[in-house]
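Note: hydrogens, waters and symmetry copies are ignored here, and every other heavy atom, side chains too, is used. Proteins come first, then strands; the chains are lettered A, B, ... in the order of their sequence lines, and each starts at number 1.
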Amino acid sequence: MKLLNFFTRQASAPVARERLQLLLAHERGASGGSSDLLEALRTEILQVIGKHVAVDSEKVKVSVDRREAVAMLAIDIEIRAPSEALLMEVPRKVA
Amino acid sequence: MGTVLVVTSGKGGVGKTTSTAALGAALAQGGQNVVVVDFDVGLRNLDLVMGAERRVVFDLINVVQGDAKLSQALIRDKRLDTLSILPASQTRDKDALTDEGIARVIGELRENFDWVICDSPAGIERGATLAMRHADIAIVVTNPEVSSVRDSDRIIGLLDSKTDKAANGERMDKHLLLTRYDSARAERGEMLKVDDVLDILSIPLLGIIPESPEVIRASNMGSPVTLNNAASAPARAYLAAAKRLRGETAALPDSSGKKGLFGKLFWRRAA
């Protein structure tokens with residue numbers, strides 16, 4: 001039985017490698033670097049949209065959702081539409 | 001002007017003090033003027049590993065606070081006259097270290113030695129950030145094991161944000177020293193390989209120190225491993241790492257796990 005275990009035992013190092021890669025991708029995002037990126041994106045997107053429509057700077061949300069295989073960048077912009085009395089929401093998701 | 005090195009890791013017990021002593025001795029064996037500085041206030045051990053524990057009179061805190069001159073606190077190694085140690089205090093609190101005091105002491109050491117090697121305490125608290133603050137080069141000591149790799153990643157983040165170099169907009173020069181490596185186990189998939197750790201941490205490799213009973217044997221004797229048994233595998237790895245620090249090319253030990261006849265006969269023990 002022990003001999004069988006010896007031959008069928010799976011290598012654990014690849015598991016360690018994968019777990020670390022996933023974990024560190026999260027942790028690196030949580031500290032520093034990535035939040036600066038989000039702030040830069042938020043400001044510049046606001047400028048571009050602001051050229052064409054009135055946008056309230058408080059109503060722009062930029063977030064990154066990290067999944068196992070992909071990261072989702074979600075940009076949520078609320079645009080004022082005074083004449084139409086229509087509140088448009090433009091959620092865009094870019095993988 | 002000398003170069004300031006910090007030996008750091010985040011996690012405790014991975015070999016910071018052993019590596020500080022071994023690299024310091026290896027550089028001194030090569031004729032360089034070296035001082036090793038223990039920053040682990042309250043848990044000093046560098047003096048013990050180097051066999052100088054009975055010669056400590058004044059320590060880093062005495063010098064930082066102006067109670068002793070640097071020359072009074074420095075202990076010259078009995079085996080190598082180009083090697084000195086500045087011990088930490090065993091009784092005082094790390095809060096007794098002031099930013100200005102440390103800056104002054106490191107500046108003074110830099111003028112008098114070719115290499116100033118700072119042995120960082122474990123953790124990411126003030127003691128660790130003080131030890132790395134004035135460094136030109138950081139050596140990140142890592143074991144091929146998940147918790148050590150994670151903590152090293154965290155320390156790399158601190159090196160890029162909490163040091164003088166980072167504050168001046170420069171890049172900290174960081175090098176990986178992989179310790180307690182067992183190439184046979186790595187080859188069998190039981191341990192992270194060198195390339196796995198390099199891929200994850202993405203900093204250049206300074207050296208691979210094989211797991212070896214010689215390391216504890218040397219610390220039992222109070223002697224850096226490069227002095228205690230210069231022909232042993234860990235000593236050769238540290239001597240090669242010291243050469244690399246001096247900008248010389250030294251071949252990295254073979255980490256592929258391929259062995260000669262001797263290694264095949266003793267494949268479990270040969271690292």
Side-chain angles (χ1 to χ4, degrees), chain A residues 1-48 57-58 60-76 93-95, chain B residues 9-11 14 124 128-129 140 142-163 165-167 169 171-172 174 176 178 180-203 208 211 255-257 267-268:
Chain A
M1 192 59 197
K2 266 195 178 156
L3 199 66
L4 187 71
N5 272 347
F6 181 80
F7 284 115
T8 56
R9 190 164 55 176
Q10 239 194 337
S12 57
V15 182
R17 182 194 162 99
E18 206 180 310
R19 289 178 58 221
L20 270 171
Q21 279 175 329
L22 270 175
L23 175 73
L24 294 181
H26 275 265
E27 287 186 347
R28 284 171 189 162
S31 62
S34 173
S35 71
D36 294 347
L37 170 75
L38 291 189
E39 188 48 40
L41 278 175
R42 208 187 71 86
T43 316
E44 286 179 32
I45 287 165
L46 197 68
Q47 283 168 359
V48 173
S57 68
E58 298 297 307
V60 179
K61 277 187 209 157
V62 182
S63 63
V64 177
D65 183 14
R66 287 194 176 80
R67 304 268 167 82
E68 287 200 9
V70 290
M72 297 279 271
L73 175 66
I75 304 164
D76 211 323
K93 300 217 163 171
V94 188
Chain B
S9 69
K11 191 177 186 301
V14 296
I124 53 169
T129 51
V140 180
T142 308
N143 290 168
E145 180 269 324
V146 287
S147 56
S148 174
V149 175
R150 181 199 208 174
D151 293 358
S152 293
D153 192 73
R154 189 78 192 278
I155 277 292
I156 289 169
L158 291 185
L159 288 165
D160 288 332
S161 62
K162 302 249 172 170
T163 52
K165 274 210 157 185
R171 268 196 83 76
M172 171 66 78
K174 303 172 290 285
L176 178 73
L178 195 61
R180 305 199 61 176
Y181 192 68
D182 184 332
S183 58
R185 296 194 66 193
E187 205 49 43
R188 293 200 298 271
E190 298 173 9
M191 185 184 259
L192 287 167
K193 287 187 184 178
V194 178
D195 289 343
D196 292 333
V197 182
L198 285 174
D199 264 5
I200 293 166
L201 295 178
S202 6
I203 57 172
I208 304 161
E211 170 86 63
S255 63
S256 67
W267 69 292
R268 265 194 174 277

Checklist entry - Hey, is CZ on A:R17 packed in by over 12 heavy atoms from elsewhere, all under 6.0 Å? => result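 Yes, because the 6.0 Å sphere around CZ of A:R17 holds more than 12 heavy atoms from other groups.
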Item to check | Minimum-distance pair of heavy atoms, taken over all atoms of B:G189 and A:P14 | outcome: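 That would be O-CD, 4.2 Å.
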Next on the checklist: Given heavy-atom pairs under 4.5 angstrom as the criterion, report whether the side chain, backbone, both or neither of B:D153 touches chain A.
Outcome noted: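 For B:D153, the side chain is the part near chain A, not the backbone.
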Next on the checklist: As an exercise, state the distance from CD1 of B:I156 to CZ of A:R28, rounded to the nearest 0.5 Å.
Outcome noted: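 Here the rounded value is 7.5 Å.
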Checklist entry - Just one of B:D199, B:L192, B:D196 clears the side chain to side chain contact (heavy atoms under 4.5 Å, CB included) bar with A:L20, so which one? => result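 Looking at B:D199, B:L192, B:D196, the match for A:L20 under the side chain to side chain contact (heavy atoms under 4.5 Å, CB included) is B:L192.
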